[in-house]
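None of the values given here were measured: they were computed from a predicted structure.
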Amino acid sequence: MSAVTTNTTPTTAPAGSAPSLTSVFVRLKLSLLRNGLRQSGGRTAAYILTIVFGVVFVAGMMLGFVLIRGKADADTVAVLLAGSVALAWTVMPLFVPSGDETLDPSRLVMLPLLPRPLVRALLVASLVGIGPVLTLLLASGAALSVAHGAAGTVVAVLAAPLLTVTCVALSRAVAAANIRLLTSRKGRDLALLSGLLIAVGMQLVNFAAQRLGQPGGMDTLEPAASVVGWLPPAAAIGAVDAASDGEHAVAAARLLLTTGALAGLVYWWRRSLVRLMVEPDGSTIGAASDAGVRDRSGATGLLGRILPDGRTGAVMERSLRYLWRDPKTKASWVTSLALGLIVPLFNAFQGTGSIYWACFASGMLGMLMYNQFGQDTSAFWMVAQTLSTTADAYAELRARALALLAVTLPYAVLVTVLTTAVLGDWSRLAEAVGLALALLGAMLATGAVASAVFPYSIPQDSGYKNVVPGQAGLAWISILGGMLTAPLLCAPLIGATIWFHLSDRQSLLWILLPAGTLYGALLVWASLKVAAPRTAKRLPEILAAVSKG
């Protein structure tokens with residue numbers, strides 16, 4: 001007993017032996033990286049491949065900076081690259097909220113930490129990783145490509161780390177200010193749209209590359225570079241260029257501007273952390289009080305008032321609500337709407353496009369009709385209880401098609417009108433709209449039949465997989481078969497268009513507008529008549545296929 005009493009005597013460690021908060025967070029970041037790599041061989045391989053590709057990319061960029069050093073357009077390239085890197089750091093936490101565990105400061109709310117040392121520790125720990133190192137190398141290459149003389153070299157040595165730290169602070173400030181959004185369902189919806197950002201970005205890069213490849217293309221970027229050169233943190237690279245040209249006052253002003261921006265970002269970050277740690281969120285207050293004051297009379301909202309009564313209106317409302325609330329459905333819709341508009345307009349702006357590119361929107365939007373029952377996932381069993389007859393299946397498919405047409409039909413017309421306006425070829429608007437509507441009808445028609453014949457399940461445990469293992473063949477047959485069949489169904493209208501042009505009967509091209517509209521409607525009606533009995537007959541197989549995820 002005496003031994004126990006002796007061992008319980010409290011001791012006080014010397015105050016100087018406690019490690020600093022910054023070193024603790026750096027070791028914590030290294031431990032997170034090390035333990036993450038130990039989880040699986042695939043994650044380790046992905047991390048190594050990321051390093052390899054990052055190093056190769058940076059090496060190529062450094063070689064490019066060496067080659068443009070001393071060129072007239074070196075400052076434009078360096079400044080715009082710095083601005084692009086800063087933009088990437090800004091949007092990264094919005095689209096990859098789960099890519100770094102340390103992005104979520106809400107994990108620290110229960111710890112007795114002061115805001116100022118916490119921000120300092122988090123900032124230093126954030127500089128540990130592949131991204132900051134690659135950013136520092138890119139910033140160093142951009143700075144050295146425009147640095148000349150002693151003053152330019154000194155400013156370049158200061159500008160590269162300043163740009164890197166500012167980018168990291170910008171990323172963390174944005175993440176802290178939006179962390180409750182990023183960890184909610186809406187944040188996960190936003191992450192699913194990262195594919196859309198990549199697709200849109202690829203179109204922008206393609207458009208810019210074609211413009212730059214033209215004679216004098218770099219001259220068009222000089223006004224943008226002159227503006228970006230005064231925006232932090234790209235202003236740090238602009239300061240190097242100014243110091244190399246002997247404009248020391250301008251260089252000092254740009255460095256001070258970037259330093260001030262860094263201080264403002266750190267202050268914003270600190271305020272966000274304080275607010276996050278002391279203010280309750282929506283999950284702890286207001287839930288009970290708000291539940292009792294909601295207006296129950298308008299539970300169905302605007303949709304319930306404008307849609308028809310009966311099964312048609314109910315199914316349309318359900319489909320449109322899925323569009324807004326289901327993350328994968330929303331991602332598919334937004335991607336189709338965006339690409340359906342961007343591809344025709346970009347081709348038109350480049351001067352190489354045709355008015356028939358407007359049909360691309362009909363093709364993208366029509367693909368949303370495919371795998372209608374699989375989009376319901378396991379909830380389809382509730383719908384299946386109401387599909388006892390062919391008439392029920394027909395009403396279900398018709399309402400789903402009408403819900404799609406409520407958005408896709410006016411959008412297809414809008415894209416066609418905008419493409420025509422950019423090209424300035426208003427005389428061919430009628431035929432373009434007619435062909436676009438006919439193709440939309442053909443895609444909806446093939447989608448209705450494919451939904452009944454080739455249903456497949458969409459997994460819900462992954463934000464990036466759209467087919468469960470073992471059903472990829474069904475998905476390819478469904479989509480590719482429809483994409484090949486739909487143009488064949490439109491062959492009569494395509495042939496009529498070619499004949500009118502070859503026989504010099506352009507005055508009759510307006511006939512394609514009503515003909516395309518009626519023909520598309522006829523295709524949809526006929527496909528529903530074909531798909532409805534197959535849906536009713538194969539209902540157990542459809543239910544089993546879409547419930548595998």
Side-chain angles (χ1 to χ4, degrees), residues 50-90 92 123-124 126-171 205 208-209 212 217-219 221-262 265:
T50 301
I51 295 178
V52 172
F53 284 118
V55 171
V56 171
F57 173 75
V58 171
M61 293 298 297
M62 295 291 287
L63 178 60
F65 285 132
V66 172
L67 294 177
I68 67 173
R69 179 178 172 82
K71 304 293 183 181
D73 299 322
D75 56 339
T76 301
V77 175
V79 169
L80 291 181
L81 175 70
S84 301
V85 171
L87 180 62
W89 275 96
T90 304
M92 181 179 62
L123 180 59
V124 175
S126 300
L127 295 173
V128 178
I130 301 175
V133 173
L134 297 182
T135 302
L136 178 61
L137 294 176
L138 286 175
S140 301
L144 293 178
S145 66
V146 295
H148 300 283
T153 303
V154 171
V155 175
V157 172
L158 298 175
L162 179 60
L163 185 145
T164 304
V165 175
T166 305
C167 286
V168 173
L170 175 61
S171 176
V205 171
L212 293 179
M218 290 298 299
D219 296 337
L221 296 180
E222 290 183 1
S226 63
V227 175
V228 176
W230 284 96
L231 298 178
I237 303 301
V240 179
D241 182 56
S244 300
D245 294 338
E247 301 175 353
H248 302 300
V250 175
R254 290 180 172 178
L255 282 179
L256 289 176
L257 187 62
T258 306
T259 305
L262 175 60
L265 289 171

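- No side-chain heavy atom of T166 sits less than 4.5 Å from a side-chain heavy atom of W89.
- Here the side chains of W230 and V250 are in contact, with some heavy-atom distance below 4.5 Å.
- A donor-acceptor distance shorter than 3.5 angstrom exists from the side chain of S244 to the backbone of V146, with no hydrogens or angles considered.
- Checking side-chain atoms of R254 against main-chain N and O of P232 turns up no donor-acceptor pair under 3.5 Å.
- For the residue pair A236 and A159, the shortest heavy atom distance occurs at O-CB, 3.5 Å.
- Here the side chains of L144 and V66 are not in contact, with every heavy-atom distance at 4.5 Å or above.
- To the nearest 0.5 Å, atoms CG (L162) and CG (L136) are separated by 11.5 Å.
- Separation of atoms CG (L138) and CG (L134) is listed at 7.0 Å; rounding is to 0.5 Å.
- Taking CG of D75 as the reference point, atom CG of L80 lies at 9.0 Å (rounded to 0.5 Å).
- In this structure, CE in M62 is found 6.5 Å from OG in S140, a value given to the nearest 0.5 Å.
- Side-chain atoms of T259 come within 3.5 Å of backbone atoms of L255 as a donor-acceptor pair (strictly under, hydrogens ignored).
- With a 4.5 Å cut-off on side-chain heavy atoms, I68 and D73 do not count as touching.
- A distance of 3.5 Å separates CG of L170 from OG1 of T90, quoted to the nearest 0.5 Å.
- Under the 4.5 Å side-chain criterion, counting only non-hydrogen atoms from C-beta, L81 is in contact with F65.
- The two residues A243 and V155 make their nearest non-hydrogen contact at CB-CG2, 3.7 Å.
- Annotation: side chain of L123 is in contact with side chain of V168 (closest heavy-atom distance under 4.5 Å).
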